[in-house]
Amino acid sequence: MHYDFKKIEEKWQKKWAKAHVFRAQADSTRKKYYLLEMFPYPSGKIHMGHVRNYTIGDVASRFKTLEGYNVMHPMGFDAFGQPAENAAIKNKTKPVDWTHKCIKDMETELKKMGFSYDWEREVSTCDSDYYKWNQWIFLKMFERGLAYRKASGVNWCPSCQTTLANEEVIEGGCWRCHTKVEQKDLVQWYLKITEYKERLLEDLNQLKNWPQRVLAMQNNWIGKSSGVDIYFRLENSDRTIPVFTTRVDTIFGATYIVLAPEHPLVLDLVKDKPQEKEVLQFMKKVARESKLVRTASDVKKEGVFTGSFAINPVNNEKVPIWIADYVLMEYGTGAIMAVPTHDQRDFLFAKEHKLPLRVVIEPKDKSISSAAELSEAYEGDGRQVNSGEFNGLDNQEAKTRIAQWMEAKGIGKIQTHFRLRDWLISRQRYWGTPIPMIYCPACGIVPVPYKDLPVELPASAPFTGEGGSPLGKVKKFVEVKCPKCKGQARRETDTMATFFDSSWYFLRFCSPKFNDAPFDVKEAKYWMMVDQYIGGIEHAILHLLYSRFFTKFFQDLKMIDFTEPFDKLLTQGMVLKDGEVMSKSKGNIVDPDSMIKNYGADALRLFILFAAPPETELEWEERGLEGAYKFLNRVWRIQENLKSNADLQVLRALHRTIKKVSTDFSEFKFNTAIASFMELTNVIYQLGADKKVFSDFVIMLSPIAPHFCEELWEILGYNESIFKAPWPKFNPELLIEENVELVIQVNGKLRSKIEVPRNIAEDKLKELVLKDEKLISWFEGKSPKKIIIVPQKLINIVI
RNA sequence: GCGGAGGUGGUGGAAUGGCAGACACGCAGGUCUCAGAAGCCUGUGCCGCAAGGUGUGAGGGUUCAACUCCCUCCCUCCGCACCA
């Protein structure tokens, strides 16, 4: 009645493991396929998101295997990170023990899903033979000036008690716990990702097989903008203030300039001026404001006059210098020229503080006689006015001309600014990779020698979750001899951000046990790039950007000869319940494990692929899972009723399915592939199938329901694993039907259908159609004006 | 504001110039059964008894033919954002 999924799934999982069916080995005579899914954080339980991600990957991997590729499909664990510390505090265990237990539990759950991983390649980032290479990479970066220490205001999460990278601040809050992020002055380690900004941007063009939106997000994040740095000279001084603008065509309309409150010049500017007190007060107020408040778009722009003036270099006009909260120190030069007539923010600010306005761009179709008539800034294109020798020019042209003119006169410089900042990687946490640096009172900052790697994490530390680096409290860890002078020195006690760990793991999988370097160059040459990468959209910026950065760094080290790590990228949609993301707090979590218990892993895999295309969100529907299970039972019953010969019609249906499924699988259209399996099943239910037809069907279904199909394969009498079988090929002759059904339209509307021989002559066809009784009344006695024939599809008669 | 993805039955979705709604879920009816479950069969966009009409966010256009291409607009989701 029902197939025994529990027995079957356990049986095949054991067999696969025992026979090392999924072991991957480099073989230069075979075409490789490296399929990778984003590795999980070992929380101890897999969730539906994992199930979806890994099922998509598993089907692709098994399909490629059947197609004859040498497939590598590895799995590992992104095992460092804060939850381990929290759990350890709560359960009074060590993070290392908690993490290893979670990894074990997750392995078990992943294996229950029947995923085809080469477990011999498994890596965990918290093992010292992995993080040793984090340290190695860090040292290489340090040697090349790409890792450096800097004191600056950093993002600080008061709840996690640690720093955050810019990328980890979401809407002013911590990406993990959403606590409002504070600013704090600290000396921290940074990676100079900005050195790669042009390449990171430029090479996005190579990523033809990435989703548009991911490319857009990366592009956005790097944030290149081109314009001109203009040098405003301070009145009665030789000092200049560079301001950045993308609208140099509006320079003649600049009526004041604005500095960020943190701008280093401000204190000098106001010294002994009557405005000093007010300005200092304003600076204090802004410093107190969190960035969240300050950048909220609906907040009124506030600012104060500094009492100083600057000279606009294009017309020697004296303009007041203000400071305002809407100018940010971290972007551009931290100073802007304000053109209230052509920038809406400047417009509002000028109105508020009664600053002068001057129109310098007129729309093509009307003239603006006075700035007073403007009710908002005119930000569009037009013709230059009040712009000296540039009057009358089209503003786009003026942009280039003015920029060149300013460069020639030495009053400006064509300049490009980026939004991308260097990557802050120091974390005041215990459970992470120790940064391999030593501070010596005599020699300064000294890198740990390569031969002393790894700098091992002590087995435990007094981490309470309350402030400071826990490693700083471990005397045996901190106190060290200086590698240079052998004097007493201190270790760095911060650890690396965990995104460091995941920025190169795809390379480690190529040679996970290699002892001389992060990866074996020869193995990487064979396996890389990753042909298909699959993961959540939440990693569209951080993880993918960092991985691209590391790859370019390895290229510069001449360890690899490619520049991008991931050829194709698929970002799978989320799994929703009642229209919402599954989460503990909403209490709407569906546990994969209980679904496996009730319906089996194969049914779960089938449902999750059938319910929606991979990139779209998927609404969880247990009835749908029941349906998947019902379908598998239907297929099972075919095997119990095989005939000795198959109908020609069934054979045709099979070959149609082979054709459809082959393309659908390679395009990740699993939902429609499954629909054609169902259609084929419906045909077989009417007409029956023989062993040959059913065997091909089972092979095609096996990537989706591997245990189920292995079992059927065995029942059919085959000895070897179904995954050694060749993917079926369709016979084009069987796709050609003798007779075809043509649709007949009158004036584009469906009026009749007709079955005719495939190669019927057009004349004959016309004759046949015009005699059709069903159609005659639609002709209304008139004769056809035109007859359009689309061979083997339709006829449209225009009356 | 900028950028990206979308809008199709009661639901998930299919069709990328050629029969709109494949395939499923749900629902209705039938069959089997003492009965139920399971299975199997049939029907199912909407209006209409029917003939037929109508229908892919709205409006316009191109075409013999438009969910699909073009124009105008509306809405939803996602990313970035006082970025100069």
Side-chain angles (χ1 to χ4, degrees), chain A residues 1-2 170-171 211-221 223-225 227-228 243-248 250 257-258 260 294-302 324-328 330-339 343-346 348-349 379 417-419 537-538 540-541 571 573-574 607 610-613 615-628 630-631 633-634 637 669 671-682 685-686 741-753 777 784-799:
Chain A
M1 273 240 303
H2 299 295
I170 313 290
E171 287 173 358
Q212 274 309 312
R213 63 168 170 162
V214 176
L215 294 175
M217 282 158 84
Q218 294 248 329
N219 191 29
N220 217 328
W221 191 263
K224 180 176 182 170
S225 89
V228 179
V243 306
F244 176 63
T245 182
T246 53
R247 287 296 305 273
V248 73
T250 64
I257 69 175
V258 190
R294 194 169 152 188
T295 57
S297 55
D298 48 352
V299 165
K300 198 166 80 183
K301 296 160 186 26
E302 289 188 66
D325 56 359
Y326 75 96
V327 177
L328 308 173
E330 57 277 21
Y331 188 76
T333 61
I336 62 158
M337 66 174 199
V339 185
D343 181 290
Q344 185 61 18
R345 287 159 304 170
D346 296 344
L348 294 173
F349 192 82
E379 295 181 332
H417 287 281
F418 286 79
R419 216 187 76 99
I537 187 72
E538 66 274 18
I541 299 172
T571 51
M574 283 186 295
F607 164 69
F610 181 54
E615 309 82 8
T616 346
E617 286 178 341
L618 183 151
E619 176 67 31
W620 179 262
E621 179 66 71
E622 192 159 337
R623 286 221 176 100
L625 177 55
E626 272 171 48
K630 248 161 65 178
F631 169 72
N633 277 307
R634 246 168 104 80
R637 262 176 258 124
K669 294 180 180 170
N671 55 331
T672 50
I674 292 167
S676 24
F677 287 139
M678 290 171 169
E679 280 176 80
L680 179 60
T681 304
N682 290 342
Y685 257 67
Q686 304 274 334
E741 194 187 52
L742 294 189
V743 169
I744 306 176
Q745 296 179 335
V746 178
N747 287 338
K749 287 204 191 291
L750 173 69
R751 293 305 179 196
S752 180
K753 288 180 185 183
S777 66
K785 219 192 274 174
K786 200 172 170 188
I787 298 179
I788 288 124
I789 298 179
V790 183
Q792 294 171 51
K793 275 203 176 129
L794 64 65
I795 308 157
N796 189 10
I797 302 158
V798 187
I799 301 292

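Residue numbers begin at 1 in each chain, while the letters A, B, ... track the order of the sequences. Values reported hereafter were calculated over all heavy atoms of this structure, with side chains retained and with hydrogens, waters and symmetry mates removed. If you're wondering where the values come from, they're calculated on a predicted model, not measured in any experiment.
The interatomic distance linking A:Leu680 (CG) with B:C23 (P) rounds to 13 Å, in whole Å. One atom, CD of A:Gln212, and another, C1' of B:C80, lie 16 Å apart when rounded to the nearest Å. The nearest whole Å value for the distance from the CD atom in A:Glu379 to the C1' atom in B:C83 is 14 Å. Across the protein-nucleic acid pair, A:Glu330 atom CD and B:C82 atom C1' stand 12 Å apart, rounded to whole Å. Atom CG of A:Asn671 is separated from atom P of B:C25 by 15 Å (rounded to the nearest Å). The CD-P distance, from A:Glu615 to B:G12, rounds to 17 Å in whole Å. A:Trp221 has its CH2 atom 15 Å from the P atom of B:C83, to the nearest Å. Taking atom CD1 on A:Ile541 and atom P on B:G3, their separation rounds to 17 Å, with Å as the unit.
Considering only the side chain of A:Pro613, B:A14 comes nearest among B:A14, B:C83, B:C40. Nearest to the side-chain atoms of A:Arg637 among the listed nucleotides B:C23, B:C83, B:C40 stands B:C40. The A:Asn220 side chain lies nearest to B:G79 when the options are B:G12, B:G79, B:C19. Candidate nucleotides B:C83, B:C41, B:G13 were compared by shortest atom distance to the side chain of A:Tyr331, and B:C83 ranks first. Set against B:A84, B:C23, B:A14, the side chain of A:Thr672 has B:A14 as its closest nucleotide. If you check B:C82, B:C40, B:G12 against the side chain of A:Arg634, the one that comes closest is B:C40. Among the nucleotides B:C19, B:C40, B:C82, the one closest to the side chain of A:Gln745 is B:C19. For A:Asp325, whose side chain is taken as the heavy atoms from C-beta onward, the closest listed nucleotide among B:G4, B:C23, B:C82 is B:C82. Comparing B:G3, B:A38, B:U42 by their nearest atom to the side chain of A:His2 picks out B:A38. The nucleotide whose nearest atom lies closest to any side-chain atom of A:Asn796 is, among B:A84, B:G79, B:A65, B:A65.
The closest side-chain heavy-atom distance from A:Leu794 to A:Ile744 is not below 4.5 Å.
Taking only side-chain nitrogens and oxygens, A:Arg623 never comes nearer than 4.0 Å to OP1 or OP2 of B:A24. Listed pair A:Arg419 / B:A81 meets the phosphate criterion, a side-chain N or O lying under 4.0 Å from OP1 or OP2. At least one side-chain nitrogen or oxygen of A:Lys630 sits closer than 4.0 Å to the OP1 or OP2 atom of B:C25. A close approach under 4.0 Å does not occur between any side-chain nitrogen or oxygen of A:Thr333 and OP1 or OP2 of B:A84. Taking side-chain N and O atoms only, A:Arg213 has no distance below 4.0 Å to OP1 or OP2 of B:G6. Taking 4.0 angstrom as the limit, A:Asn682 places none of its side-chain polar atoms (N or O) nearer than this to OP1 or OP2 of B:C23.
Comparing B:C73 with B:G79, their P atoms sit 26 Å apart, to the nearest whole Å. Here the separation of B:C64 from B:G10, taken at their C1' atoms, is 36 Å to the nearest Å. For the P atom pair drawn from B:C80 and B:U11, the interatomic distance equals 32 Å after rounding to whole Å. When the P atom is used for both B:C67 and B:A58, the distance is 11 Å, rounded to whole Å. When the P atom is used for both B:C75 and B:C83, the distance is 23 Å, rounded to whole Å. Rounded to whole Å, the P atom of B:U62 lies 34 Å from the corresponding atom of B:A51. Of the P atoms belonging to B:G55 and B:C47, the separation is 15 Å, rounded to the nearest Å. Taking atom C1' in both B:U68 and B:G17, one finds a spacing of 7 Å when rounded to whole Å.
Base pairing annotation: B:G9 forms no Watson-Crick or G-U wobble pair, as no partner gives both donor-acceptor distances under 3.5 Å. When both pairing distances are held under 3.5 Å, B:A65 makes no Watson-Crick or G-U pair with any nucleotide shown. Base pairing analysis places B:A14 opposite nothing; no Watson-Crick or G-U wobble pair with both distances below 3.5 Å involves it. Base pairing of B:C82: no nucleotide in any strand meets the Watson-Crick or G-U wobble criterion (both distances under 3.5 Å). The partner of B:U72 is B:A58, judged by Watson-Crick or G-U wobble contacts that both fall below 3.5 Å. Both distances falling under 3.5 Å, in either a Watson-Crick or a G-U wobble arrangement, place B:C40 opposite B:G30.
Contact record, A:Ala338 with A:Val258: CB-CG2, 4.4 Å, taken as the closest heavy-atom pair.
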Candidate pair A:Glu302 and A:Tyr326, rule side chain to side chain contact (heavy atoms under 4.5 Å, CB included), full reasoning: CA-CA 8 Å; A:Glu302 289 188 66; A:Tyr326 75 96; over 6 Å; no

Audit row: A:Thr571, A:Arg213, side chain to side chain contact (heavy atoms under 4.5 Å, CB included) steps and yes/no: CA-CA 10 Å; A:Thr571 51; A:Arg213 63 168 170 162; 4.2 Å; yes

Criterion side chain to side chain contact (heavy atoms under 4.5 Å, CB included) on A:Met337 and A:Val339, from CA distance to verdict: CA-CA 7 Å; A:Met337 66 174 199; A:Val339 185; 3.9 Å; yes

Test log, rule side-chain hydrogen bond (donor to acceptor under 3.5 Å, both in side chains), inputs A:Arg751 and A:Asn796: CA-CA 10 Å; A:Arg751 293 305 179 196; A:Asn796 189 10; over 6 Å; no

Candidate pair A:Phe418 and A:Ser225, rule side chain to side chain contact (heavy atoms under 4.5 Å, CB included), full reasoning: CA-CA 6 Å; A:Phe418 286 79; A:Ser225 89; over 6 Å; no

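Between A:Tyr331 and A:His417, the two ring planes are tilted [angle within 30° to 60°].
Base engagement by A:Val790 is indicated by at least one non-hydrogen atom pair under 4.0 Å involving a base atom. Contact annotation for A:Glu679: backbone-only contact, meaning every heavy-atom pair under 4.0 Å involves sugar-phosphate atoms and none involves a base. Backbone-only contact: A:Tyr685 has heavy atoms under 4.0 Å from sugar-phosphate atoms and none from a base.
For B:G9, the O4'-C1' to base torsion is within 90° of 0; the nucleotide is therefore syn.
Here the straight-line distance linking atom CD1 of A:Ile787 with atom CD1 of A:Ile799 works out to 8.0 Å at 0.5 Å rounding.
Mapping A:Leu750 and A:Asp343 onto RNA chain B by nearest heavy atom places A:Leu750 at the nucleotide closer to the 5' end. Across the interface with RNA chain B, nearest-nucleotide mapping of A:Gly334 and A:Asn747 shows A:Asn747 to be the residue nearer the 5′ end.
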